[in-house]
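I have placed the structure first, in the form of structure tokens, so that the comments after it can refer back to it.
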Amino acid sequence: MKDVTLTPERRDALCRLVRQKFQTEFDEQLSEFRAGEIVDLMLKAMGPAVYNLAVEDVRAHLQGKLDDLDGEVWVDDSV
């Protein structure tokens with residue numbers, strides 16, 4: 001599996017969120033660099049697990065659609 005990456009816009013938005021959270025919850029001012037390091041660490045640590053959960057959710061959704069296929073398109077061909 002390749003590394004989980006973010007667009008620059010999404011990464012910037014997450015960095016802003018981390019900075020706001022640290023300011024609000026911990027009364028600590030984080031630099032953009034420190035917030036970026038936290039985002040990168042969390043992405044590296046949690047990214048694969050979140051990715052795998054998303055893949056499993058998609059697999060379950062598609063399997064449900066496949067299971068319903070007979071009921072949706074089956075035509076009774078008995079005479």
Side-chain angles (χ1 to χ4, degrees):
M1 182 186 101
K2 66 180 185 167
D3 290 338
V4 178
T5 57
L6 302 173
T7 64
E9 296 81 14
R10 184 161 289 172
R11 185 179 183 278
D12 290 345
L14 287 172
C15 288
R16 281 193 303 276
L17 182 65
V18 166
R19 291 180 79 195
Q20 290 171 353
K21 186 70 169 177
F22 269 72
Q23 179 63 47
T24 303
E25 298 295 324
F26 309 118
D27 197 27
E28 183 175 340
Q29 200 71 19
L30 286 184
S31 68
E32 289 182 31
F33 176 78
R34 288 178 72 194
E37 289 296 305
I38 291 170
V39 168
D40 292 344
L41 174 65
M42 292 297 102
L43 185 61
K44 186 174 182 176
M46 297 181 347
V50 172
Y51 178 88
N52 288 340
L53 286 172
V55 168
E56 182 60 27
D57 286 348
V58 169
R59 189 206 60 76
H61 175 75
L62 291 175
Q63 187 62 53
K65 294 291 186 186
L66 287 172
D67 291 345
D68 288 344
L69 190 60
D70 281 343
E72 293 291 324
V73 297
W74 183 260
V75 176
D76 187 9
D77 62 351
S78 61
V79 183

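Predicted, not measured: the structure shown is a model, and the values here were computed from it.
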Is it true that Arg34 and Glu28 make a salt bridge, defined as a side-chain N closer than 4.0 Å to a carboxylate O?
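Counted as a salt bridge, because a side-chain N and a carboxylate O are separated by less than 4.0 Å.
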
List the steps, then state whether side-chain contact (heavy atoms from CB on, under 4.5 Å) holds for Phe22 with Asp27.
CA-CA 6 Å; Phe22 269 72; Asp27 197 27; over 6 Å; no

N/O donor-acceptor pairs under 3.5 Å from side chains in residues 11-19, not counting sequence neighbours:
unit_1: Arg11; atom_1: NE; unit_2: Asp40; atom_2: OD1; d: 3.0
unit_1: Arg11; atom_1: NH2; unit_2: Gly36; atom_2: O; d: 3.3
unit_1: Arg11; atom_1: NH2; unit_2: Asp40; atom_2: OD1; d: 3.3
unit_1: Arg11; atom_1: NH2; unit_2: Asp40; atom_2: OD2; d: 3.0
unit_1: Arg19; atom_1: NE; unit_2: Leu30; atom_2: O; d: 2.8
unit_1: Arg19; atom_1: NH2; unit_2: Leu30; atom_2: O; d: 3.0

Restricting to side-chain hydrogen bond (donor to acceptor under 3.5 Å, both in side chains), what partner residues turn up for Gln20, sequence neighbours left out?
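With neighbours one apart ignored, the set is empty.
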
Can you name the residues that form a side-chain hydrogen bond (donor to acceptor under 3.5 Å, both in side chains) with Asp68, not counting sequence neighbours?
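Testing Asp68 for side-chain hydrogen bond (donor to acceptor under 3.5 Å, both in side chains), a comparison that skips the adjacent residues, returns none.
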
If you compare all heavy atoms of Leu43 against all heavy atoms of Thr5, which two are closest, and at what distance to 0.1 Å?
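What the structure gives for the nearest pair is CD2-CA, 4.4 Å.
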
By side-chain contact (heavy atoms from CB on, under 4.5 Å), which residues pair with Thr24, not counting sequence neighbours?
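Once residues adjacent in sequence are excluded, Thr24 has no partner under the side-chain contact (heavy atoms from CB on, under 4.5 Å) criterion.
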
Show me, pair by pair, the donor-acceptor contacts under 3.5 angstrom made by side chains of residues 58-65, not counting sequence neighbours?
unit_1: Arg59; atom_1: NE; unit_2: Glu56; atom_2: OE2; d: 3.3
unit_1: Arg59; atom_1: NH2; unit_2: Glu56; atom_2: OE2; d: 2.9
unit_1: Gln63; atom_1: NE2; unit_2: Asp67; atom_2: OD1; d: 2.9

For Val39 and Leu6, what are the C-alpha separation, side-chain angles and deciding distance, and is it a side-chain contact (heavy atoms from CB on, under 4.5 Å)?
CA-CA 10 Å; Val39 168; Leu6 302 173; 4.3 Å; yes

Does Phe33 have any ring pair (Phe, Tyr, Trp, His ring centres under 6.0 Å) partners at least two apart in sequence or in another chain, and if so, which?
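Ring pair (Phe, Tyr, Trp, His ring centres under 6.0 Å) check on Phe33 returns nothing, list empty.
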
In this structure, are over 12 heavy atoms from other groups packed under 6.0 Å from Gln23 atom CD?
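Buried by this count: over 12 neighbours within 6.0 Å.
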
Are Phe26 and Leu41 co-members of a hydrophobic cluster defined by side-chain heavy atoms under 4.5 Å apart?
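Result: yes, single cluster for both.
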
